[in-house]
Number of protein chains: 2
Amino acid sequence: MSKRKTVVADDEATVTAAEREARPPVEAIRAAAFAQFAERGYPVVTVRDIMKACGLTQGALYNHFKSKDELLHDIIASTQGELERQCQQAVAGAGGDPRAELAAFVRVYVMRHCRLRIEALVANREIGWLDAARVADIRRSRRAIRDIVVTILRHGVEKGVFDPPRVDGRHDLKAMAMALLDQCTHVSMWYGPGGDLTEEQMAKLYTDMALRMVGATPQSV
Amino acid sequence: MSKRKTVVADDEATVTAAEREARPPVEAIRAAAFAQFAERGYPVVTVRDIMKACGLTQGALYNHFKSKDELLHDIIASTQGELERQCQQAVAGAGGDPRAELAAFVRVYVMRHCRLRIEALVANREIGWLDAARVADIRRSRRAIRDIVVTILRHGVEKGVFDPPRVDGRHDLKAMAMALLDQCTHVSMWYGPGGDLTEEQMAKLYTDMALRMVGATPQSV
DNA sequence: GGCCAATGTGAATGGTCGTTCAGGAGGCTT
DNA sequence: AAGCCTCCTGAACGACCATTCACATTGGCC
C-alpha cells in the first residue's frame, strides 16, 4: 500500500512519511481522528483537520469512510466491542461464585478505564453525535454490559452471598448496576497516572467498594 | 443589564411591549438556549436558532450577552452555584454527625440530580465548550463540593464511625469522594420519572449505598 | 506495453457560522 | 417637546463547513 517508494527524494518530505509506510492510511486516519476528537470534540474537528494530520487532503477521507459520522462510529464501536469482550471473559473466568465474578468484573472494568481513559472519554462524550442508526449497536453493547452486572447481582442474592440495600422492602438491581457502572466508568474523567493511586490500587479500591455496596459476605474465612 | 432606574412598582404590570413575552427577554433567551443546548448540544445550536425560538433576530442576542460562550457560562454557572449552596446547607443542617452529614448530602445531591436532570446533563456535557477563563469558576465550585465530601469522610474516620476501604493500609478519601460523586452525579444520565423508582426511593438507595461504601457503623440502636 | 482498480488531488458546490454595525422605534426624563 | 437611552432589525463580513467530482497518479497484472 505504500506509494512513496520511488518518488520520495524531491516530493513533499513530510514528517509522517515513515509512519504511513508502517500502517495503511485507513489506520492513520483513525488514529489522527481519535486524537483530534479526544482533544477538541467531534463537531469542531473538521475533515480537513484530520486529513492534514495524516498528510492528505480532505477528499481522500472518502476513499476509506463513507462520512465523518461513520469514522466516529468506527472508532467508538471498536473500543466498545473490546470492552464488552473483556467483561465477558473476566466473569467467565471467575468460577461461578458471584463474589469472585463481581470482583473480576470491577477489576477489569476499572483497570481498562484507567489505562485507556482517553478511549473511554471519547466513546462516552462523543456518542451523542452519532446518528440514530449508528448509535443503536453501541447502546446494545452497553445494555449487555449492564445486564452482565445485573445477572451477577441476581445470582448473588439467590445464593445468599449478597445482601444489597432495599427500598421499601425490594431490591432494584438495575439501579444498583447503574450506580456501580457509573462510578467505575467515570474514573476516566479524573484518573491520571500521576495521581495518588496506581491502576492496581484503583482496581482494589473499587472492587472493595463494590463488594460493600452489594453487601457481600466474606468470601472465605 | 438591570431594569429602569426609577420605575419600580408598575414595572411588571406595564412591561414595555407586553404583547411579546411575559418575562424579560434575557430570561427568554436563557430558557430557549437551555432547551436547545439540552436537546442538540452547544456547538450545533446556532445563535439564529436560539433567537428565533424567542421571536427575535440574531443580532439581539448581543444586547444581553457578550457572546454565545458567555450565554452558556451563564446557564451552567447558575445551576452550579445553586447546587453548591444546597450541598452546603444540607451538611450544615445535619448536626455534626458524619453519618447524618453524609446521608443529608447524598439525599440532596441525588434528589436534585433526579429532579433537575436536564440541567445537570447540560452542565456536565457542555462544560467542555467553555473557554479556559470561563471554565475556571465552575471547576472551583466542583472542587469545593468534592472537598465537602472529603471533609465529611475525614471527620467520620477520625471519630471512628467510618471505616472506609484501604489500599496498602491507607485510605484515599479523595478517590472515594470522586467515586461517590460520580455515581450520584450520573443518575442524571439514566433516571427518568417513568422508571421503577421515585426520587425519594433513589435518595434512600443511594444514601444506603454511600454509608455502606464508607463502612459506617449503625447510627443509633 | 497497456489496462485496471485503488487511491489522492484540489476546485467547486451550496450552504452555514458568530459577530458587527448603521439605522429605526418608542418610551423616560427633563 | 427635545433629547436620550434601551432595544431591536436586517444586511453585511469574512470565514469555514461536509461532501462531490473530474482528473491525475500509481502498482500489479495480463
Side-chain angles (χ1 to χ4, degrees), chain A residues 1-12 14 16-17 20-21 23-30 32-33 36-37 40-73 129-131 134, chain B residues 1-21 23-30 32-33 36-37 40-74 126 129-131 134:
Chain A
M1 289 293 177
S2 56
K3 23 194 83 253
R4 307 286 191 265
K5 270 182 195 166
T6 56
V7 199
V8 140
D10 57 334
D11 205 20
E12 23 121 33
T14 52
T16 58
R20 268 181 288 146
E21 304 265 338
R23 57 185 170 185
V26 62
E27 288 294 339
I29 293 173
R30 244 195 291 265
Q36 304 238 1
F37 292 163
R40 304 195 288 128
Y42 176 79
V44 304
V45 171
T46 73
V47 171
R48 285 167 175 84
D49 293 335
I50 297 165
M51 300 309 285
K52 182 149 38 177
C54 314
L56 299 174
T57 57
Q58 73 270 26
L61 173 70
Y62 299 89
N63 292 323
H64 304 281
F65 298 93
K66 289 217 300 277
S67 67
K68 190 186 166 192
D69 191 272
E70 191 194 61
L71 171 56
L72 175 61
H73 175 267
W129 306 113
L130 259 28
D131 65 31
R134 274 194 249 266
Chain B
M1 43 181 169
S2 77
K3 314 199 166 204
R4 316 291 185 276
K5 286 193 284 191
T6 55
V7 177
V8 171
D10 59 346
D11 191 38
E12 293 169 19
T14 61
V15 188
T16 63
E19 274 193 344
R20 181 174 290 138
E21 294 288 340
R23 54 185 170 183
V26 63
E27 289 292 339
I29 294 172
R30 244 195 290 266
Q36 305 236 5
F37 292 164
R40 303 196 288 126
Y42 175 80
V44 304
V45 171
T46 72
V47 171
R48 286 167 176 83
D49 293 334
I50 297 165
M51 300 310 285
K52 182 148 41 177
C54 314
L56 298 174
T57 57
Q58 73 269 26
L61 174 69
Y62 299 88
N63 293 321
H64 305 280
F65 298 92
K66 288 216 300 277
S67 67
K68 190 187 168 194
D69 191 274
E70 191 193 61
L71 172 56
L72 175 62
H73 176 267
D74 188 89
E126 314 295 348
W129 306 114
L130 259 28
D131 65 30
R134 274 194 249 268

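Sequence lines set the chain letters: A, B, ... in the order given, protein chains first and strands last, and positions in each chain run from 1.
- Summarising the geometry, atom NE2 belonging to A/H73 is positioned 9.0 Å from atom CG belonging to A/D131; distances are rounded to the nearest 0.5 Å.
- When the side-chain nitrogen and oxygen atoms of B/H64 are compared with OP1 and OP2 of D/dT6, none of them lie within a distance under 4.0 Å.
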Checklist line | Steps toward side-chain contact (heavy atoms from CB on, under 4.5 Å) verdict (A/Y42, A/D69) | finding: CA-CA 9 Å; A/Y42 176 79; A/D69 191 272; 3.9 Å; yes

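- Here the P atom of nucleotide D/dG10 and the CG atom of B/L61 are 16 Å apart, to the nearest Å.
- Taking side-chain N and O atoms only, A/T57 has no distance below 4.0 Å to OP1 or OP2 of C/dG10.
- Note: B/R30 CZ to B/F37 CZ = 12.5 Å, rounded to the nearest 0.5 Å.
- Proximity note for A/P25 (side chain, C-beta onward) versus D/dC17, C/dC17, C/dG8: the nearest is C/dG8.
- Between the CD atom of B/E70 and the CG atom of B/L130 there is a distance of 10.5 Å, given to the nearest 0.5 Å.
- Contact between the side-chain N/O atoms of A/N63 and the OP1/OP2 oxygens of C/dA6 is not found at any separation under 4.0 Å.
- Atom CD in A/Q36 sits 10.0 Å away from atom NZ in A/K52 (nearest 0.5 Å).
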Can you pull every protein N or O that's under 3.5 Å from an N or O on nucleotides 11-15 of chain C?
{"unit_1": "C/dA11", "atom_1": "N6", "unit_2": "A/Q58", "atom_2": "NE2", "d": "3.3"}

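- Atoms CD1 (A/I50) and P (D/dT19) sit 10 Å apart, rounded to a whole Å.
- Distance CZ (B/R40) to P (C/dC17): 9 Å, rounded to an integer number of Å.
- In this structure, A/L56 places its CG atom 10 Å from C1' of C/dT9, rounding to the nearest Å.
- Put simply, CD on A/Q58 and CG on A/D49 are 11.0 Å apart, with the number rounded to the nearest 0.5 Å.
- Taking the nucleotide of DNA chain D with the nearest heavy atom to each of A/V44 and A/K66, the more 5' of the two is matched to A/V44.
- The residue B/V45 sits close only to the backbone: its heavy atoms come under 4.0 Å of sugar-phosphate atoms, none of a base.
- Distance check, rounded to the nearest 0.5 Å: OG of B/S67 to CZ of B/R134 gives 4.5 Å.
- Between the P atom of C/dC17 and the NZ atom of B/K68 lies a distance of 9 Å, rounded to the nearest Å.
- Note: CG (B/D131) to P (C/dG18) measures 15 Å, nearest angstrom.
- Computed from coordinates, the B/Y62 OH to C/dC17 P distance equals 12 Å when rounded to whole Å.
- Atom C1' of nucleotide C/dT19 and atom CG of B/D49 are separated by 16 Å, given to the nearest angstrom.
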